[in-house]
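The structure under discussion appears below in the form of structure tokens.
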Amino acid sequence: MAKVEVTLKKEVHDPQGTAVENSLRALGFDGVQRVRVGKYLELVLEAETFEEAAAKIEEMSRRLLSNPVIEDYDYSLQEVE
Amino acid sequence: MAKVEVTLKKEVHDPQGTAVENSLRALGFDGVQRVRVGKYLELVLEAETFEEAAAKIEEMSRRLLSNPVIEDYDYSLQEVE
Amino acid sequence: MKFGVIVFPGSNCDLDAYHLVRDVLKRDVEYIGYDRRKLGNFDVVILPGGFTYGDYLRSGALAARTPVIEALAGFANSGGLVLGICNGFQVLTEAGLLPGALCRNDSLQFRCRQGYVRVETNTLAFTGKAKNGDVLKMPVAHGDGSYYAPPELLRDLDDNGQVVFRYVDRDGRISEAANPNGSTANIAGIANRRGNVVGLMPHPERAGERALGSVDGLVLFRSLIGHLQDREVAGNG
Amino acid sequence: MAERDSKNNAGRQDKIWRKLGLKDFEYAMIVDQLGREPNPVELNMYSVMWSEHCSYKHSRSSLKLFPTESPRVVQGPGENAGVVDIGDGYAAVFKIESHNHPSAVEPYQGAATGVGGILRDIYTMGAQPIAFLNSLRFGPPDNDRGRYLLRGVVAGIGGYGNCVGIPTVGGEVYFEPCYRGNPLVNAMCVGVMPLERLVLGQACGEGNLVVLAGARTGRDGIHGVTFASEELSEQSEKDRPAVQVGDPFLGKLLIDATLEAVEKKLVQGVQDLGGAGLTCALTETASRAGTGLEIDLDKVPLREEGLEPFEILTSESQERMLFIVEPEHLSGLEDIFRHWQLPLTVLGRVTKGRLVRIFYRGEIVAEVPAESVAGGAPAYEPEGREPDYYRELSSFDPLSLPPLKDPGRVLLNLLSSPDIASKEWVWQQYDYMVRTCTLQGPGGDAAVIRLRESGKALAVAVDGSGRLTYLDPYLGGMLAVAEATRNVSCCGAEPIGITDCLNFGNPEKPAAFWQFRRAVEGMAEACRVLEVPVVGGNVSFYNEVEDEAIYPTPVVGAVGLLEDAGRHCGPGFKEEGDAICLLGPEEVSLGGSQLLKVVHGRVAGRPAGIDLGMEKKVQALLCRLVARGLVSSVHDLSEGGLAVSLAESCMAGGRGAVIELPLSTDPDLALFGEGPSRAILSLPEKNRDQVIEMAEEAGVELRVIGRVGGDALDICCGGGRFLKLRLDEMKKAFEEVFSWMMS
Ligand SMILES: Nc1ncnc2c1ncn2[C@@H]1O[C@H](COP(=O)(O)OP(=O)(O)O)[C@@H](O)[C@H]1O
Ligand SMILES: [Mg+2]
């Protein structure tokens, strides 16, 4: 299984993050300094090796799961049966 | 910093996941068995201890970041200066 | 002269564009299915508004990866005229046929309202019948319309006259209140470098009949028709 | 087979029907109708279908009071939506439905799936959906939870409607403390179709195939109808399975595919899957057609493994449709669904006899008479008793309050109160223009949608009355019908039918049932006199939290026909110098008024009564005036009375007005008193005599009270001035408060 995190690049304005930040403050949570909101994807896929899986996920992330103009991605892999 | 993942509960239909899954297949990625799409949040917050931070994030996740009726959440913490 | 309207799963302004071309402008128009691998013989291809694939993942992202888009890219590369309206604009940026990206409205809400745009360049096939500075009344209706371009790209767009429309108030002034989505530099529509692919968030096809409150959107279509007629004349002579 | 199962389980299922919401007496009826004890699968099927939501057991006898016929009615209540002939071979199809309880626990998805559900009811009939409306009630938006609900519900309605590309053109939003824990979310959909395309939800034709299309079936929404048939409690928050996630993308594909199948005449019957899922769709279609069904549950495409037969049968997974198809048309249907990449599965076939027989892994797991499950539930005649508050509140005399000191201030106050303030914050989140047929969108008395095929137009409005129905249920019922139909008349359209959503408390409580019964009687009476049939609707009971019920809230969706789309009228003053007239009776009251609520914080007194005969004359006159093009604007008088309506007409047209009221006027009553059957008109001076004459002929009072002009609303009386407010200050009060409140 791959867990992919897609986040807005730092330079890109993140209104959702700001809104969550404000709501948290309004709810009385103090000490919140910065919130960014992105996407989280879980993909279950078949692959022979970790390397193969990683290559696949890389490519999926680049070609579909993220938009390189505005987003970065990161992922982690773990084995499931 | 806390990284929070909010996902639809397993039993709940995830239209986004299904659409991404179909699209990946159409792009020729084979071996994709299941995709779920959720939210990913990064929060920078002040806390004296890890326990305090964890408690805060728990409460935020429950009260604002997710709706327990349809969503689950998970999080991890790491120290930043 | 023939217009085509691509119908993706989840397009929903296909009907409106089709109706405008056929019933108001009285021109030939045909729907193009999303599963087509060849476009056929069209002079202008419209990517209509709507929610292709539900706009799941990102607006326009999944539609931008369908077979018909490859055909469209070929069409555009050989100089064919392509107009992306609203979701169509999003599809074009996702497909890399237009630069930049469309992000979530800064209000985080869907916005449907009448508004105004200013024509920034009238040297394109799409705006030939307008004057620079003309103010057009056209509605917007979208949730992800905030145009983003990194600074270098922004400069390029300006330098090359690729910014086609900006959000303005009724008097043609750029203002925050006139910007429905937080778009960079009030950008409402852009062209590719070559000027044959244009995308805009507002809906010219909803501003084509008096009964609907505005006919200002017609100038885009009339410009295209004029351009094609000139080309025919030039071709024949 | 089924019988043996039930014997085996007889011991174990010890009163399990109670857990499923059935009464002992109802269980006995089931055993009687079945001729044996039901097995657990069958019991689940009965329990969902005999829930209040599906069986209307407490409302059925009252609903019989509604007139349901007119020369135009093609299909009244009993099918998925009502169908009314609009000439030229076309019909209007419409229905309203509640999604209150799901919206209370998950506002976005609750509202979104409410929209998806009512949408399916329309295209199930073969009609192209052309408009959505919604009627919403919340607690005051002065706290986070209230705002959270409002924000989520509005986003959910927009999220679904915008995505499927059907414009949301109208609605209403009100705020009262009684809706705090139990908001009301009623969604209405209107469609149009060529009459010959009408298909019904009937499983006709022995040997025809039963086909399921659309989304896979999962565990979501199991027993959703039971959830909707109980009071909300702490437990509801945890009632996860009752909430579904909508998939508007799939919804959009299903509309297109279904309508194409209907157009090509490939389907004999169509039924959407909504409340009670497959069980409802199967037993209702069979029962309507008087046929039986054989269904293989193994064929149902599942989203996850391990669903039990009862779960498959009662799941409320969204975006699914059932088709009855002649075998030779199956491949045609498959082609269409394949193009849209939609799953389509043959589940079984139509049989002789009236049994629905369900197979699972080669065995019969349920065998039930369709009519018994779908229509065998008891009809109760609950006891009704006038509640204690009723007389006490009616005896309150609002005129005993001290006179207002500064009517101008009061008007600004009213304009910025959440009930009256502009709801643009809401509707700008809805795409009200897609399909390019919206001639008048939100913000007027009714929305006007043109019909490309005929040059005609439909006017649609939705109106409910909670506060007034609370104070006087019979009157409130009449007023809801009168106001909704008047609103379409104001645009110049003749009301041709209504659909209603009855939101009430627990019908097993005599006070709540009394409210219900009286309101229905009032609505029925109004429909009779106004000659508008009820062609469909929905009842939502058990709108209570911790014993506190909502105001009894009947909501009426009205549809009107405009012969000429080019001739419709809006509320805004248009021309400088136009005469302003007040049309309709003089009788008004401050009982139950917005003035009393906003300024004095009271909900009490007797609302002004209604003369339904006069209402009818007023509506007919309005239609004639607009049809002949004699008036520049028409605006209904409702909440906030004359002053608020005048202010709205000024703001909508961007023009001021100078008003001179008759000498003997009591200012508070004249400015802010509320009463039915009234409207503000503006008209060119040259039409004045003709309009006065037409009003006289119609037997309707009409007084010229001022003229359009200037940049202020200026209301005088015999040399004195009641109030003068500049347009921009009124606009500020009216337009800004909502966004400010919600940010
Ligand atoms: N208040 C009402 N007034 C008129 N008809 C009603 C009312 N409530 C329900 N009905 C009718 O009863 C039938 C069953 O309603 P319902 O179970 O809500 O249908 P569906 O399952 O298609 O949503 C429908 O034809 C509906 O129009
Ligand atoms: Mg139905």
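Residue numbers begin at 1 in each chain, while the letters A, B, ... track the order of the sequences. In this text, all values refer to a predicted model and were calculated from it rather than measured experimentally.
Atom CD of E48(B) has 12 or fewer neighbouring heavy atoms from other residues, nucleotides or ligands inside a 6.0 Å radius.
The shortest distance between side-chain heavy atoms of T18(B) and F249(D) does not fall below 4.5 Å.
Proximity to chain B is limited to the side chain of E304(D), based on heavy atoms less than 4.5 angstrom apart. Interface residue Q109(D): only side-chain heavy atoms are found under 4.5 Å from chain B. Proximity to chain B is absent for every atom of Y108(D), based on heavy atoms less than 4.5 angstrom apart.
The two residues V105(D) and V69(B) make their nearest non-hydrogen contact at O-CG2, 3.6 Å. Minimum heavy-atom separation, G246(D) to P15(B): O-CG, 3.5 Å.
In this structure, NE2 on H13(B) lies 12.0 Å from OG1 on T113(D), to the nearest 0.5 angstrom.
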